Amino acid sequence: MELSNLKPKKGARHAKKRVGRGPGSGHGKTSGKGEKGQKSRSGFSRALGFEGGQMPLHRRLPKRGFTNIFKKEYAVVNVAELDRFDDGATVDEAALRQVRLVKGQNDGVKILGDGKLSKKLTVHAAKFSASARKQIEAAGGSCQEIA
């Protein structure tokens with residue numbers, strides 16, 4: 001097998017619809033646009049969500065609530081998951097990403113106090129819950145909040 005003789009599987013490719021090529025094609029004369037009217041004209045383009053003059057769905061439905069565009073989304077990590085790091089290690093967002101505890105985009109990491117921590121760690125994070133801070137410091141480690 002060589003690049004020069006590769007072909008798609010039979011039936012994988014579909015011929016483009018050629019409109020306006022006579023009555024025998026099935027798409028002649030009006031080219032599948034029907035008779036007259038706004039949608040049959042050349043250059044016609046409908047606005048997104050337009051429903052022919054009927055009140056569009058996005059305007060018929062009631063609007064509720066408020067979205068705070070300044071809200072901060074934190075990636076959360078429990079102290080039990082920090083136990084996988086070596087004793088005396090420094091744990092920051094980069095280290096958490098390396099072991100896949102933090103994924104995607106966020107505004108920082110928040111450490112929560114679920115589970116037990118048995119190792120002395122220096123943890124750098126944007127936020128700590130009170131119980132997480134207490135557990136980390138009880139294990140001999142330290143918490144440093146970063147902006």
Side-chain angles (χ1 to χ4, degrees), residues 1 3 6-21 25-27 29-147:
M1 183 180 287
L3 285 174
L6 283 178
K7 286 185 178 161
K9 200 171 180 180
K10 184 95 171 122
R13 303 283 293 168
H14 198 275
K16 185 174 180 277
K17 184 199 282 191
R18 297 182 71 225
V19 295
R21 294 295 183 271
S25 69
H27 303 291
K29 194 181 169 215
T30 53
S31 301
K33 290 177 175 268
E35 305 275 335
K36 298 183 181 172
Q38 188 179 21
K39 292 193 285 187
S40 73
R41 308 301 183 196
S42 70
F44 168 74
S45 66
R46 176 186 300 136
L48 195 65
F50 182 69
E51 296 182 22
Q54 172 176 297
M55 188 60 67
L57 183 68
H58 66 92
R59 290 188 61 196
R60 290 198 304 266
L61 296 176
K63 310 299 186 267
R64 291 280 184 274
F66 165 77
T67 303
N68 182 3
I69 61 168
F70 301 107
K71 181 182 180 195
K72 297 228 182 281
E73 291 280 342
Y74 293 103
V76 294
V77 177
N78 283 303
V79 289
E81 294 167 325
L82 298 179
D83 228 21
R84 67 175 69 187
F85 290 97
D86 297 329
D87 205 21
T90 300
V91 179
D92 57 359
E93 188 174 343
L96 292 168
R97 282 187 186 279
Q98 203 166 17
V99 294
R100 299 228 181 258
L101 285 174
V102 174
K103 296 177 193 149
Q105 282 191 315
N106 45 57
D107 298 310
V109 178
K110 181 169 183 174
I111 309 296
L112 301 180
D114 193 33
K116 296 270 180 258
L117 180 67
S118 59
K119 294 177 182 163
K120 179 183 174 182
L121 300 172
T122 304
V123 185
H124 299 272
K127 297 240 180 219
F128 293 89
S129 70
S131 59
R133 187 180 292 276
K134 193 160 63 172
Q135 277 199 56
I136 293 167
E137 288 169 356
S142 63
C143 301
Q144 293 182 353
E145 278 195 24
I146 52 172

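The structure presented is a predicted model; accordingly, all values stated were derived computationally and were not measured. For the numbers below, each heavy atom of this structure counts, side chains included, while hydrogens, waters and symmetry mates do not.
Residues Asp83 and Lys119 come closest through the heavy atom pair O-NZ, 2.6 Å. Ala139 and Leu117 get closest at one heavy-atom pair: CB-O, 4.0 Å. When every heavy atom of Val123 is checked against every heavy atom of Phe128, the shortest pair comes out as O-CZ, 3.5 Å. Taking each heavy atom of Ser131 and Gly113 in turn, the nearest pair found is OG-CA, 3.5 Å. Considering every non-hydrogen atom in both Asp86 and Leu121, the closest pair reads O-CD2, 3.3 Å. Arg41 and Lys33 make their closest contact through O-NZ, 4.3 Å (heavy atoms, listed as atom of the first residue, atom of the second, distance).
Around the CG atom of Leu6, the shell of radius 6.0 Å holds more than 12 heavy atoms that belong to other residues, nucleotides or ligands.
Annotation: salt bridge (charged side-chain N to carboxylate O under 4.0 Å, His left out) contacts of Arg18 (sequence neighbours excluded): none. Not a single salt bridge (charged side-chain N to carboxylate O under 4.0 Å, His left out) links Glu137 to another residue, sequence neighbours left out. The salt bridge (charged side-chain N to carboxylate O under 4.0 Å, His left out) search around Lys63 returns none, not counting sequence neighbours. For Glu81, there are no salt bridge (charged side-chain N to carboxylate O under 4.0 Å, His left out) partners, not counting sequence neighbours. When the side chain to side chain contact (heavy atoms under 4.5 Å, CB included) test is applied to Arg60, the partners found at least two apart in sequence or on another chain are Glu51, Gln54, Met55, Leu57. Every residue two or more places apart in sequence or in another chain was checked for a side-chain hydrogen bond (donor to acceptor under 3.5 Å, both in side chains) with Arg84, and none qualifies.
Here the options are Leu101, Val99, Leu82, the test is side chain to side chain contact (heavy atoms under 4.5 Å, CB included), and the partner is Val91; only Leu82 passes.
Remark: the backbone N or O of Ala95 is not paired with any side-chain donor or acceptor of Arg97 at under 3.5 angstrom. In this structure, Asp107 contributes its side chain and Tyr74 its backbone to no donor-acceptor pair below 3.5 Å. Checked by atom type and distance alone, the side chain of Asn78 never pairs as donor or acceptor with a backbone atom of Ala80 at under 3.5 Å.
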### Task
Dump the intermediate steps for side-chain contact (heavy atoms from CB on, under 4.5 Å) on Lys17 and His27, then the final yes or no.
CA-CA 8 Å; Lys17 184 199 282 191; His27 303 291; 3.8 Å; yes
### Message
Between Ile111 and Ile136, does the side-chain contact (heavy atoms from CB on, under 4.5 Å) criterion hold? Intermediate values first, please.
### Response
CA-CA 10 Å; Ile111 309 296; Ile136 293 167; 4.2 Å; yes
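Using a 4.5 Å cut-off on side-chain heavy atoms (C-beta onward), Val77 and Lys110 make no contact. Contact of the Asn106 side chain with the Glu93 side chain is registered, since non-hydrogen atoms from C-beta on lie closer than 4.5 Å.
Atoms CG and NE2, from Leu96 and His124 in turn, are 11.0 Å apart once rounded to the nearest 0.5 Å.
A salt bridge links Glu145 with Arg133: the closest approach of a Lys/Arg side-chain nitrogen to an acidic carboxylate oxygen falls below 4.0 angstrom.
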